[in-house]
**Student:** 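Encoded as structure tokens, here's the structure I'll be asking about.
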Amino acid sequence: SRIRVADLGTRDFPSLREPGGPGKPIEDLGRLLGRVKHAMSEDPTRMHICCALVEADGKELRATTTDGHRLSTIAVPADFEIEALVSRPGLDAILRLLDKSDACSLLVEAGHLFVVCESRSLSAKLVDAAFPPWRAIVPKALSRSAEVGREELRVALVKAAIMAAERTSAIRICFASSALVVEGEQGQRGDVRVEVDADYDGPEFSFHLSSTYLSEAVDHLEGERIRIATTCGSEEGAHPIWVGEVDGSAFDVIMPMRP
């Protein structure tokens, strides 16, 4: 048998961009991007949030994503400066590149982010948009804060999600003396209540959150203990809920829901 395949010619193949100089070495890029991807918008028409903000200020390298209802951010030490908006396809390509090795070098040049990992390199075109001022919505004074076991809370959220509100997936989080209570209710179908031991000695209060958002936040945090905090104890308020690691290096901010 014989097969003949027509080619398009090498002259039509686009030229590959090459970095103009050495990049900045970084060990944790894949870890950073992988842990914030869950909060990135999936709406391609909203390019300013359908991306990840990667920035370094000479002290730390930080990756941040948001979909307008929540945000996720994580930082690691870094001694260089950089700023880039990486699209969702670009982020996915970088994660595939760093699948086996998280060590790489970074360089932003001519509207592109260059990632070099061993003998492989990738050039991702940056998003030309303005990322929202995300620091403005991060609660500054966390007056109500509870510390809980991450695995214990994760299990409680799985149980409560079974009876989460059908339309909104909302569950109720209650701060009580030495406990965090997670509740789900579906009217006549039934309800669930799970109590988790917590380091908390303030007044009792509660709020509603998306079980999906909170579960994804907890899943992408590390360490045995995490914190859930807010600036106000009023269930009727619209104060953002802070969910993060005890040292504050990684956290999500989730907007509460109406019951």
Side-chain angles (χ1 to χ4, degrees), residues 35-39 64-75 134 137-187 189-259:
R35 290 180 61 188
V36 301
K37 181 183 175 183
H38 65 278
T64 306
T65 58
T66 182
D67 61 8
H69 303 285
R70 56 177 170 169
L71 73 83
S72 182
T73 185
I74 180 175
W134 64 271
I137 69 168
V138 177
K140 301 299 187 294
L142 300 174
S143 56
R144 307 287 173 84
S145 176
E147 187 175 318
V148 299
R150 187 176 70 87
E151 181 61 20
E152 289 84 349
L153 179 58
R154 188 194 67 80
V155 172
L157 292 173
V158 171
K159 295 177 179 179
I162 297 173
M163 288 296 176
E166 290 184 294
R167 186 174 61 85
T168 62
S169 298
I171 56 174
R172 187 168 180 247
I173 307 296
C174 307
F175 280 41
S177 178
S178 301
L180 193 71
V181 182
V182 184
E183 299 177 345
E185 182 179 359
Q186 286 190 1
R189 290 190 60 188
D191 57 72
V192 60
R193 184 180 189 274
V194 186
E195 188 170 310
V196 180
D197 292 337
D199 293 337
Y200 179 72
D201 58 2
E204 294 189 5
F205 73 100
S206 63
F207 49 84
H208 288 77
L209 286 180
S210 163
S211 61
T212 301
Y213 289 177
L214 185 53
S215 293
E216 289 182 345
V218 172
D219 287 343
H220 288 85
L221 295 174
E222 296 179 349
E224 295 182 358
R225 308 283 290 178
I226 62 174
R227 291 174 61 208
I228 299 181
T230 185
T231 58
C232 178
S234 172
E235 183 178 13
E236 298 179 356
H239 300 274
I241 308 301
W242 189 97
V243 184
E245 296 176 3
V246 176
D247 64 0
S249 61
F251 60 86
D252 280 32
V253 176
I254 306 172
M255 295 303 297
M257 308 175 68
R258 293 190 178 275

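On a predicted model such as this, the values are computed, not experimentally measured, just so you know.
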**Student:** Using side-chain heavy atoms (C-beta onward) and a distance below 4.5 Å, is Val155 in contact with Val196?
**Tutor:** no
**Student:** With sequence neighbours excluded, what pairs up with Asp201 under the side chain to side chain donor-acceptor pair (under 3.5 Å) test?
**Tutor:** none
**Student:** With sequence neighbours excluded, tell me which residues meet salt bridge (Lys or Arg N to Asp or Glu O under 4.0 Å) with Arg189.
**Tutor:** Glu166
**Student:** Taking all non-hydrogen atoms of both residues into account, name the closest pair between Cys174 and Ser206 and its distance.
**Tutor:** SG-CB, 3.8 Å
**Student:** In Å and rounded to the nearest 0.5 Å, what is the CD to CD distance from Glu151 to Glu224?
**Tutor:** 10.5 Å
**Student:** Considering residues at least two apart in sequence or located in another chain, which fulfil the side chain to side chain contact (heavy atoms under 4.5 Å, CB included) criterion with Val158?
**Tutor:** Arg154
**Student:** Are Leu153 and Ile228 side-chain neighbours, meaning at least one heavy-atom pair lies under 4.5 Å?
**Tutor:** yes
**Student:** Restricting to side chain to side chain donor-acceptor pair (under 3.5 Å), what partner residues turn up for Ser211, sequence neighbours left out?
**Tutor:** none
**Student:** Return the CD to CD distance between Glu183 and Glu195, rounded to the nearest 0.5 Å.
**Tutor:** 10.0 Å
**Student:** Going by side chain to side chain contact (heavy atoms under 4.5 Å, CB included), name the residues that satisfy it together with Leu142, two or more places apart in sequence or in a different chain.
**Tutor:** Pro139, Arg227, Ala229, Trp242
**Student:** Between Tyr213 and Ile254, is there a side-chain heavy-atom distance shorter than 4.5 Å?
**Tutor:** yes
**Student:** What closest approach, in Å, do Ile171 and Ala164 show between heavy atoms, and which atom pair accounts for it?
**Tutor:** CG2-CB, 3.8 Å
**Student:** What residue among Val253, Val243, Thr65 forms side-chain contact (heavy atoms from CB on, under 4.5 Å) with Ser72?
**Tutor:** Thr65
**Student:** Run the side-chain contact (heavy atoms from CB on, under 4.5 Å) test on Asp252 and His38 for me, step by step, so that the C-alpha distance in whole Å, both residues' side-chain angles and the decisive distance to 0.1 Å come before the verdict.
**Tutor:** CA-CA 10 Å; Asp252 280 32; His38 65 278; 2.8 Å; yes
**Student:** Determine, stepwise, if the pair Val36 / Thr64 fulfils side-chain contact (heavy atoms from CB on, under 4.5 Å).
**Tutor:** CA-CA 6 Å; Val36 301; Thr64 306; over 6 Å; no
**Student:** In chain order, what residues pass the side chain to side chain contact (heavy atoms under 4.5 Å, CB included) check against Glu185, with sequence neighbours excluded?
**Tutor:** Asp191
**Student:** Give every residue pair that meets the salt bridge (Lys or Arg N to Asp or Glu O under 4.0 Å) criterion with at least one member in residues 211-223, sequence neighbours excluded.
**Tutor:** Arg31-Glu222, Arg35-Glu222, Arg70-Glu216
**Student:** Val148 and Asp197: which non-hydrogen atoms are nearest, and at how many Å?
**Tutor:** CG1-O, 3.9 Å
**Student:** I'd like to know if the side chain of Arg225 reaches the main chain of Glu147, judged simply by a donor and an acceptor atom lying under 3.5 Å from each other, with no hydrogens or angles considered.
**Tutor:** yes
**Student:** If you apply the rule side-chain hydrogen bond (donor to acceptor under 3.5 Å, both in side chains), what do you find for His239 with Thr230, and how did you get there?
**Tutor:** CA-CA 7 Å; His239 300 274; Thr230 185; 5.6 Å; no
**Student:** Supply the atom-to-atom distance Leu221 CG to Phe251 CZ, rounded to the nearest 0.5 angstrom.
**Tutor:** 10.5 Å
**Student:** Got a sec, which residues hit ring pair (Phe, Tyr, Trp, His ring centres under 6.0 Å) with Phe175, two or more places apart in sequence or on another chain?
**Tutor:** Tyr200, Phe205, Phe207
**Student:** Can you list the residues that meet the side chain to side chain donor-acceptor pair (under 3.5 Å) rule with Thr168, with sequence neighbours excluded?
**Tutor:** none
**Student:** Could you tell me the separation between the CD1 atom of Ile173 and the CG atom of Leu180, rounded to the nearest 0.5 Å?
**Tutor:** 6.0 Å
**Student:** At their closest point, which heavy atom of Ser210 faces which heavy atom of Met257, and how far apart are they?
**Tutor:** N-SD, 3.3 Å
**Student:** Which residues pass the side chain to side chain donor-acceptor pair (under 3.5 Å) test with Ser249, not counting sequence neighbours?
**Tutor:** Glu245, Asp247
**Student:** Show the nearest heavy-atom pair for residues Gln186 and Ile162, with the distance to one decimal.
**Tutor:** NE2-O, 3.6 Å
**Student:** With sequence neighbours left out, write down each residue that passes side chain to side chain contact (heavy atoms under 4.5 Å, CB included) with Val192, or none if nothing qualifies.
**Tutor:** Ala160, Met163, Val194
**Student:** Checking Arg150 side chain against Gly223 main chain: does a donor-acceptor pair fall under 3.5 Å?
**Tutor:** yes
